[in-house]
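This report concerns only the one structure given below.
Note that this is a predicted model, so its numbers are computed, not measured.
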Amino acid sequence: GDSVTQMEGPVTLSEEAFLTINCTYTATGYPSLFWYVQYPGEGLQLLLKATKADDKGSNKGFEATYRKETTSFHLEKGSVQVSDSAVYFCALRFSGNTPLVFGKGTRLSVIA
Amino acid sequence: NAGVTQTPKFQVLKTGQSMTLQCAQDMNHNSMYWYRQDPGMGLRLIYYSASEGTTDKGEVPNGYNVSRLNKREFSLRLESAAPSQTSVYFCASRGDRAGAYEQYFGPGTRLTVT
């Protein structure tokens with residue numbers, strides 16, 4: 001079945017460091033891809049999305065590019081801040097009413 | 001707009017007790033979902049409802065029942081709670097118009113079963 005694999009955390013970085021969180025997927029066809037973020041004590045919020053190959057999603061300094069050839073959607077940020085500390089989830093979904101399929105999440109801690 | 005609301009925020013149950021988790025959305029969305037979140041497991045889908053009057057099982061439906069009471073409300077019931085159901089439960093909803101990709105999540109219900 002369809003699945004999403006994320007790098008395991010936790011990831012601890014110093015402020016202003018470069019961030020990469022790897023995400024690969026297994027799916028038949030071409031799903032839409034998402035990154036969600038969960039801040040402590042809150043629900044999930046959509047961070048960015050890409051709906052077709054080579055699309056780049058971006059938001060709040062984060063970017064991810066839909067790579068069909070490597071079935072990947074890695075999340076990057078050039079300079080992280082303490083306020084970016086959260087759990088990040090990669091997810092995929094096909095069209096119609098199909099639910100999101102989530103990865104297991106990666107916890108990021110940014111220290112000053 | 002309140003978005004997706006969930007009640008209660010916290011609950012402690014004894015093994016064998018029953019309870020219903022409530023979820024409501026005010027965005028006129030057709031699709032609604034219940035997930036559970038456990039450490040190291042990410043979010044796993046329990047049940048979902050593509051429209052009022054329909055429900056479908058997700059990845060981990062055993063021990064749960066759901067009711068899509070109307071378009072706004074989607075409740076999750078534990079008939080006989082077990083310690084394995086200790087988790088954080090999230091409700092979500094999504095619209096159906098073209099390009100409506102985002103699922104909106106509620107703040108969660110933290111449930112402990114002793």
Closest heavy-atom contact between B:F90 and A:Q38?
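Smallest interatomic distance, heavy atoms only, reads CZ-NE2, 3.2 Å.
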Specify the closest pair of heavy atoms between B:G42 and A:F89, including all atoms of both residues, with the distance to one decimal.
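Shortest heavy-atom separation between B:G42 and A:F89 comes out as CA-CE2, 3.9 Å.
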Would you mind reporting whether B:R94 and A:R93 have side-chain heavy atoms less than 4.5 Å apart?
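Side-chain contact under 4.5 Å: yes.
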B:Y104 side chain to A:L44 backbone, donor-acceptor under 3.5 Å
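No, because the side chain of B:Y104 does not come within donor-acceptor range (under 3.5 Å) of the backbone of A:L44.
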Gap separating the CZ atom of A:F102 from the CZ atom of B:R44, nearest 0.5 angstrom
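It is 13.5 Å, given to the nearest 0.5 Å.
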Just verifying a value: how many Å separate A:T98 OG1 and B:L45 CG, rounded to the nearest 0.5 Å?
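Reported value, rounded in 0.5 Å steps: 10.5 Å.
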With only heavy atoms counted, which part of A:Q45 is less than 4.5 Å from chain B, the side chain, the backbone, both or neither?
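When you check distances to chain B, no heavy atom of A:Q45 falls under 4.5 Å.
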Do B:W34 and B:V4 land in one hydrophobic cluster if side-chain heavy atoms of ILVMFWY residues count as linked below 4.5 Å?
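Not linked; separate clusters.
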Tell me, side chain or backbone of B:Q37 under 4.5 Å from chain A's heavy atoms, or both, or neither?
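The side chain, not the backbone.
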Stepwise, does the side-chain contact (heavy atoms from CB on, under 4.5 Å) test hold for A:L100 with B:Y35?
CA-CA 10 Å; A:L100 285 168; B:Y35 292 89; 3.9 Å; yes
Of all the residues in residues 103-112 of chain A, which have a heavy atom that comes within less than 4.5 Å of a heavy atom in chain B?
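Within residues 103-112 of chain A, the residues that come under 4.5 Å of chain B (heavy atoms only) are A:G103, A:K104.
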Please assess B:Q103 against A:Y36 for the test side-chain contact (heavy atoms from CB on, under 4.5 Å), listing each intermediate value before the final yes or no.
CA-CA 10 Å; B:Q103 270 183 213; A:Y36 277 78; 3.5 Å; yes
Are there residues of residues 75-83 of chain B whose heavy atoms fall under 4.5 Å of chain A's heavy atoms? If so, which?
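Heavy-atom contacts from residues 75-83 of chain B to chain A are absent.
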